There are 2 protein chains.
Amino acid sequence: MIESRPKPAVDPRIERSRQVILQAALDELSESGYGSLTIESVARRAGVGKATIYRHWPDKIALIADAFKLLQQQRDPELVTGSPREKLERVLRHVADVVSDSPFSSCLPALIEGAERDRAVRRFHHHFQTEARKPTIALIADGIATGDFPPRIDPELAAFALLGAIFFCRLMTNAPFPEERVPTLIDTVFNSSG
Amino acid sequence: MIESRPKPAVDPRIERSRQVILQAALDELSESGYGSLTIESVARRAGVGKATIYRHWPDKIALIADAFKLLQQQRDPELVTGSPREKLERVLRHVADVVSDSPFSSCLPALIEGAERDRAVRRFHHHFQTEARKPTIALIADGIATGDFPPRIDPELAAFALLGAIFFCRLMTNAPFPEERVPTLIDTVFNSSG
DNA sequence: TCGTAGCGATACGTCAACGTATCATAAAGC
DNA sequence: GCTTTATGATACGTTGACGTATCGCTACGA
């Protein structure tokens, strides 16, 4: 039997522990934040012995980095169809929804803090955000090409403005960006419709 | 002598301690973040006895809240003149500058984290940001009234988009928003010029 | 069915920060 | 000058997290 991955027959207990611990770490990050997370509280929350955590991760930073990676992977991109304007609206509605209320949203302050303090977190945070932005930028470029959007705008800057407005609202005001306001936001930034 | 404020003749040592300690707290927030700040490290950095801090603040949260208040007050608003477009450009250049490199910028992640964890920090953070946004919104509304800006845009949303792009860049990418790109940002959001 | 190995629980010594108390020093105010 | 008072330094007991070690237990794989 030729198999490229011999499947090292990993003990399922290992993977189960990993998942339970990482999820508990995310819950802790959401509740206590980056600087106040402790291995012991994660272990308590996960219903796991401290030693089990140290078996899988050398230190707190490695655990947090893995937890954030899991968080990023949980943000599934949404496939949308329709006109560029319709696609953009759906994508931004989804972003507004996720940024308003989701595990990602509740961990966002801790993620920002983590990226500021730890090089590894910062690296994949920026990398992942860059990747997550690409479809939006491409969407805007498409819309310009088809004439749906004004021709002179800079797609990257437009994406910064649209996404930035939503994130800004979450972090700097007392109310998240309401999904229903997405069309008006697009109208404002693209100065279209009426 | 009639004086509305009798000046309670406060011992200058008290005010000096307050300032030194608050500045040290800001430095700690910038370096260690919200959750990892300790009273002892602030005392060490300020060259002050621990007891002096406890004499002035009941706990860590009160100290941090006061430190953030000082930080906000240090952001002096800039008075600008010229056409609405020129004024807006100068204001946004100033914002891009402050958000890229300043005590405010280096404390921003800690401020976001602090606002998430502590109700008092959150309240004045949101309040101050709302106040700081008002001139920009008014500026945009003025520009619409004078015909410098497109008539149909929502001034508040436009401000969210412009400011949001700058903050988004600081927090979600590996490079702060370059000041020189402010004109292009305005052009993109207002779809004007060429 | 049996040996292996990952597990939870627990105990351990270490360390750092907590918040309080004390004390001489020195600056402030009269 | 003399009293008051805020200060820096230091010591204190307490707490909680660190990271390691041990030990039955049991799910796994053969």
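Letters go in sequence order (proteins before strands), and every chain restarts at 1. All values reported here derive from a predicted model rather than from experimental measurement.
Separating the CZ atom of Arg16(A) from the P atom of dC28(D) is a distance of 10 Å, rounded to the nearest angstrom. A straight line from NE2 of His56(B) to P of dG19(C) spans 17 Å, rounded to a whole angstrom. The distance between atom CD1 of Ile14(A) and atom C1' of dC7(C), rounded to the nearest whole Å, is 11 Å. In this structure, Leu63(B) places its CG atom 14 Å from C1' of dG19(C), rounding to the nearest Å.
Residues that satisfy the salt bridge (Lys or Arg N to Asp or Glu O under 4.0 Å) test with Lys87(B), not counting sequence neighbours, are absent from this structure. By the salt bridge (Lys or Arg N to Asp or Glu O under 4.0 Å) test, Arg45(A) is found to be paired with Glu28(A), Glu31(A), residues two or more places apart in sequence or in another chain being considered. For Phe160(A), the ring pair (Phe, Tyr, Trp, His ring centres under 6.0 Å) criterion is met by Phe168(B), not counting sequence neighbours. Residues passing the salt bridge (Lys or Arg N to Asp or Glu O under 4.0 Å) test with Arg13(A), sequence neighbours excluded: Asp11(A). Listed by chain and residue number, Arg85(B), Arg93(B) satisfy the salt bridge (Lys or Arg N to Asp or Glu O under 4.0 Å) test with Glu89(B) (two or more places apart in sequence, or in another chain).
Direction change of the helix axis from one end of the helix from dT1(C)-dA30(D) to dC30(C)-dG1(D) to the other is 40°, with five pairs defining each end axis (rounded to 10°).
The side chain to side chain contact (heavy atoms under 4.5 Å, CB included) test with Leu88(A) is passed by exactly one of Leu139(A), Val182(A), Val80(A): Leu139(A). Screening Gln129(B), Lys134(B), Arg133(B) against Glu131(B) for a side chain to side chain donor-acceptor pair (under 3.5 Å) leaves a single residue, Lys134(B).
Within residues 18-36 of chain B, no residue has any heavy atom closer than 4.0 Å to DNA chain C. Across residues 109-117 of chain A, not one residue has a non-hydrogen atom less than 4.0 Å from an atom of DNA chain D.
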Exercise for review: Report the C-alpha separation of Ser41(B) and Arg44(B) in whole Å, then their side-chain angles, then the decisive distance to 0.1 Å, and conclude whether the side chain to side chain donor-acceptor pair (under 3.5 Å) test is met.
Suggested key: CA-CA 5 Å; Ser41(B) 65; Arg44(B) 270 195 300 272; 5.0 Å; no
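Using a 3.5 Å distance cut-off with no hydrogens or angles, the side chains of Gln19(A) and Gln23(A) do not pair a donor with an acceptor.
A salt bridge (charged side-chain N to carboxylate O under 4.0 Å, His left out) check over residues 95-113 of chain B, counting only residues at least two apart or in different chains, returns the pairs Glu113(B)-Arg117(B). The ring pair (Phe, Tyr, Trp, His ring centres under 6.0 Å) analysis of residues 118-154 of chain A, with sequence neighbours excluded, yields the pairs Phe149(A)-Phe190(A).
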Study note, to complete from the structure: Per-nt protein contacts along nucleotides 18-23 of chain D (heavy atom under 4.0 Å; B base, S backbone sugar-phosphate only, - none) come out as BBBB--
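Judged purely by atom type and a 3.5 angstrom limit, Ser36(A) has no side-chain atom pairing as donor or acceptor with the backbone of Gly33(A).
In terms of phosphate contacts, Thr52(B) brings no side-chain nitrogen or oxygen within less than 4.0 Å of OP1 or OP2 of dA6(D).
Neither Val98(A) nor Ile137(A) shares a network with the other; the hydrophobic side chains, linked directly or stepwise wherever heavy atoms of I, L, V, M, F, W or Y lie under 4.5 Å apart, form separate groups for each. No path of Ile, Leu, Val, Met, Phe, Trp and Tyr side chains, each step under 4.5 Å between heavy atoms, connects Tyr54(B) with Val20(B), placing them in separate hydrophobic clusters.
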I'd like a list of close polar pairs between nucleotides 26-28 of chain C and the protein, N/O only, cut-off under 3.5 Å.
| residue | atom | partner | partner atom | Å |
| --- | --- | --- | --- | --- |
| dA27(C) | N3 | Arg13(B) | NH1 | 3.3 |

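Summarising the geometry, atom CD1 belonging to Ile153(B) is positioned 11.5 Å from atom CG belonging to Asp187(A); distances are rounded to the nearest 0.5 Å.
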